[in-house]
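When a ligand or atom number is given, it counts from 1 through the structure's own listing order. All of these numbers come straight from a predicted model, not from anything done at the bench. The figures here come from the full heavy-atom set of this structure, side chains too, leaving out hydrogens, waters and symmetry mates.
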Amino acid sequence: MKYINEIIEGIKSLLSGMLVTLKACFEKPITLQYPDERPEIPLRFRGRLVMPVDIEKNKVRCIACMMCVNICPNKSLSCEKETTPDGKPIPYPKKYEYNLGSCLFCNLCVEICPVQAIIMSDEYELSSYSNNFIMDLLKENYQISGNKGKLFKNKLKEV
Ligand code: SF4
Ligand code: SF4
C-alpha cells in the first residue's frame, strides 16, 4: 500500500510541475531580443554620472562647490574652479572629471549637489576596450532627454 501511495504522490508532483510549465507557455515572454529590443529603464535606475546642459542657461549648472568631490566615498570625482583673467576663482567649473571605473553608483554626489547639476543617467552599456574610464563631464556637453530628461527638469523646479 505504501508503495502505491508513493507512486500516486509521484504522479501528482509530476502533474503539478507540468501544469506550471504549461501555464508559462501561454504567458507573455519577459526576455528581450537584446540588442534589437531594449528594456524600458525605470526612473530610479542609476547609470553613469552625467552633467547635463541646462537648456535655459545654455551651460552646466555646476558652481564648483566641491561638495560632490568631498562626499564621494571612492574619490571618483575631481573638480577645478574656473578663474578670471586676474586669477580670482569664480563659481563655475574649469574641469570636472568622473572616474567611471571606480564609481559605486551610490548617488551620494547627486543627492548632495545644491544646484542639481549632476544626475545618474539611463546609460547602461558601459563596457570598453580601454582601461581609462576617466571622463571629462564638462566637455561632453551632455543633452539629457527621455524620462531622465523629464526627471532632470522636475528636479530643477526644486532648486
Ligand atoms: S555615485 Fe557615488 S561613487 Fe559614483 S561618483 Fe557619485 S558619490 Fe562617487
Ligand atoms: S556638481 Fe554640484 S556638488 Fe559637485 S561641484 Fe558642481 S555644484 Fe558642487
Going through the distances and angles, do D122 and K148 end up as a salt bridge (charged side-chain N to carboxylate O under 4.0 Å, His left out)?
CA-CA 7 Å; D122 56 7; K148 285 281 186 179; over 6 Å; no

Side-chain ([X]) to main-chain ([Y]) donor-acceptor, under 3.5 angstrom:
{"X": "T21", "Y": "G17", "result": "yes"}
{"X": "R46", "Y": "F105", "result": "yes"}
{"X": "D54", "Y": "R61", "result": "no"}
{"X": "T83", "Y": "K88", "result": "no"}

What heavy-atom pair brings I119 and V110 nearest, and what distance separates the two atoms?
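The pair with the smallest heavy-atom distance is CA-CG2, 3.9 Å.
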
Where do V115 and L156 come nearest, in terms of heavy atoms and distance?
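Taking V115 first and L156 second, the nearest heavy atoms are O-CD2, 4.5 Å.
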
For [atom], which protein heavy atom lies nearest, and how many Å away is it?
{"atom": "atom 3 (S) of ligand 1", "answer": "L104 N, 3.2 Å"}
{"atom": "atom 4 (Fe) of ligand 1", "answer": "C103 SG, 2.3 Å"}
{"atom": "atom 2 (Fe) of ligand 1", "answer": "C106 SG, 2.2 Å"}

Nearest candidate to atom 5 (S) of ligand 1, where distance is taken over non-hydrogen atoms, out of L77, I71, L100
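Among L77, I71, L100, the closest heavy atom to atom 5 (S) of ligand 1 belongs to L77.
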
Assess, by modelled atom type and distance only, whether the side chains of D86 and T84 contain a donor and an acceptor separated by less than 3.5 Å.
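Judged by distance alone, the side chains do pair up.
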
Does a donor on one side chain and an acceptor on the other come within less than 3.5 Å for E123 and Y142?
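Per modelled atom types, E123 and Y142 side chains form a pair under 3.5 Å.
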
Under 4.0 angstrom from ligand 1, any heavy atom of N74?
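Distance cut 4.0 Å: N74 fails for ligand 1.
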
Hey, which atoms in ligand 2 end up nearer than 4.0 Å to a heavy atom of A64?
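Under 4.0 Å from A64, ligand 2 has these atoms: 5 (S), 6 (Fe).
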
Could you tell me which atoms of ligand 1, counted from 1 in the order shown, lie closer than 4.0 angstrom to a heavy atom of C72?
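Atoms satisfying the 4.0 Å criterion: 3 (S), 5 (S), 7 (S), 8 (Fe).
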
Taking 2.8 Å as the upper limit, name the protein N, O or S atoms near atom 2 (Fe) of ligand 2.
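N, O, S partners closer than 2.8 Å: C113 SG.
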
